[in-house]
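Bear in mind the structure is a predicted one, so any value in this text is a computation, not a measurement.
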Amino acid sequence: MAPWRRKADGTGERASEADTIVPTPTQKHSICMVSDFFYPNMGGVESHIYQLSQCLMEKGHKVVIATHAYGRRKGVRYLTGGLKVYYLPLQVMYNQSTATSCFHSLPLLRCVFVREAVTVVHAHSSFSAMAHDALFHAKTMGLNTVFTDHSLFGFADMSSVLTNKLLTVSLCDTTHIVCVSYTSKENTVLRAALDPRIVSVIPNAVDPTDFTPDPARAPRGRITVVVISRLVYRKGIDLLGGIIPELCLRHPDLDFLIGGEGPKRIVLEEVREKYQLHDRVRLLGALEHREVRDVLVQGHIFLNTSLTEAFCMAIVEGASCGLQVYDRVCVEEVLPLAGRLLRLRDHCGGVAGSIFAFVAVLNFLFLLLLRWLVPDQGMDRALDASGPQALWGPPQRDPPAEETGQMFNPYRLARCLTPTDWPDV
């Protein structure tokens, strides 16, 4: 059966057999993952991007990641297997999300897209301003785009209204959208007024071999409740702070083991101090992925207090099933400027649509100026650290320099490092 394709007016239709292009199974992609949220920041989105990138590289695809600078971690870094990460000098506005004007990021992202010969731009998280910028610029440059939504939003409060309008603009001409659960798909389709046939569901997954139970580690004679979460409002930390004193009062044999970091940590610290629960509530702070399992096996109950959650998980593994989303989008037509303007006007409303159509025209003119100042063909192409033309082999450790008589090469060692092993230099 022929697949659905998106028409210029935003609706879907069944493509004819003659129009259907079947992607070759050996087709390789050059993919750029973009999000404000990546290591050394810890969380589900960060882990998802890293694990998905590793799985795609194992399949022979080239993958690079673009995020904003974290403190002294800026420039280009290499992670396991030659995964290249661009830490761009963009200003953080709030909660690790960058400030956006839709133009200041274009020169930087254009440089990444051109130098890496990117064919697909994959943006992550509705909370990431950098992700929205990347989608906007990629469409201006004629690149295929994919967006993965990791969160649920409401419809009533002002924050949700503004975010949903921005999402409507960003996704109205995005090639394909991925959600991590069917509930998340329904939420995203309603928020962004999307045709549900262009939204796929690829559930998150974990590798069970990484999370084997160990009953001997759980303390006997007491009940331990484990909470592993980013300590922010949306994760229900205020609710957690309210129930801890009540539960500890009712159950003298109950303890809490809390892993994670965030601005709401002060709430839990105040509760622990006020009710003198220092010996019953342990705050572990930020955890590395290799530490998560060791914390989980110390408890009897796992507690999640999130106010909204698209797909609750501690770590993401093996998301390579998303590969066929890439094959599909590469045969989709990227709308020209006239088509984008029409889509924005029709899909986003008369006022907002006209405003963002004007912004799209300015963005296109700015791109023409950048191409005149620094032509694409005049930009150096980056050496491939992953993909079919990768210069690096599979991850391996070099023998000691004194055994080989060769000078130590930090770039080869970079292939063997995990994201949190890399020094901030």
Determine whether more than 12 heavy atoms belonging to other residues, nucleotides or ligands lie under 6.0 Å from atom [atom1] of [X].
X	atom1	answer
Arg381	CZ	yes
Gln276	CD	yes
Arg345	CZ	no

The side chain to side chain donor-acceptor pair (under 3.5 Å) partner of Ser128 among Thr98, Asp36, Thr67, Asp133 is Asp36
message: Test of understanding: with ring pair (Phe, Tyr, Trp, His ring centres under 6.0 Å), list the residues that count as partners of His68, not counting sequence neighbours.
response: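 Partners of His68 under the ring pair (Phe, Tyr, Trp, His ring centres under 6.0 Å) test: Tyr70.
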Item to check | Partner set under ring pair (Phe, Tyr, Trp, His ring centres under 6.0 Å) for Phe366, not counting sequence neighbours | outcome: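 Testing Phe366 for ring pair (Phe, Tyr, Trp, His ring centres under 6.0 Å), a comparison that skips the adjacent residues, returns none.
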State whether the side chain of [X] and the backbone N or O of [Y] hold a donor-acceptor pair below 3.5 Å, judged by distance alone.
X	Y	answer
Arg272	Leu277	no
His132	Ser126	yes
His150	Ser125	no
Arg340	Asp173	no
Thr119	Ile31	no
Thr145	Val121	no

Could you measure the distance from the [atom1] atom of [X] to the [atom2] atom of [Y]? Nearest 0.5 Å is fine.
X	Y	atom1	atom2	value
Glu291	Asp294	CD	CG	8.0 Å
Leu79	Gln54	CG	CD	7.5 Å
Ile258	Leu231	CD1	CG	7.5 Å

Exercise. Should the ring pair Tyr50 and Phe38 be called parallel, tilted or perpendicular, given that the plane angle runs from 0 to 90° and is split at 30 and 60?
Worked result: tilted
Tell me whether [X] is salt-bridged to [Y], with the criterion being a basic N under 4.0 Å from an acidic carboxylate O.
X	Y	result
Arg282	Asp255	no
Arg230	Glu46	yes
Arg191	Asp149	yes

Quick note, salt bridge (charged side-chain N to carboxylate O under 4.0 Å, His left out) partners involving residues 115-130, not counting sequence neighbours, are Lys62-Glu116, Lys84-Glu116
Note to self: If you compare all heavy atoms of Arg280 against all heavy atoms of Asp253, which two are closest, and at what distance to 0.1 Å?
What the structure shows: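 Shortest heavy-atom separation between Arg280 and Asp253 comes out as NH2-N, 4.2 Å.
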Have [X] and [Y] got a donor and an acceptor in their side chains that come within less than 3.5 Å?
X	Y	answer
Glu273	His278	yes
Lys139	Thr174	yes
Ser30	His61	no

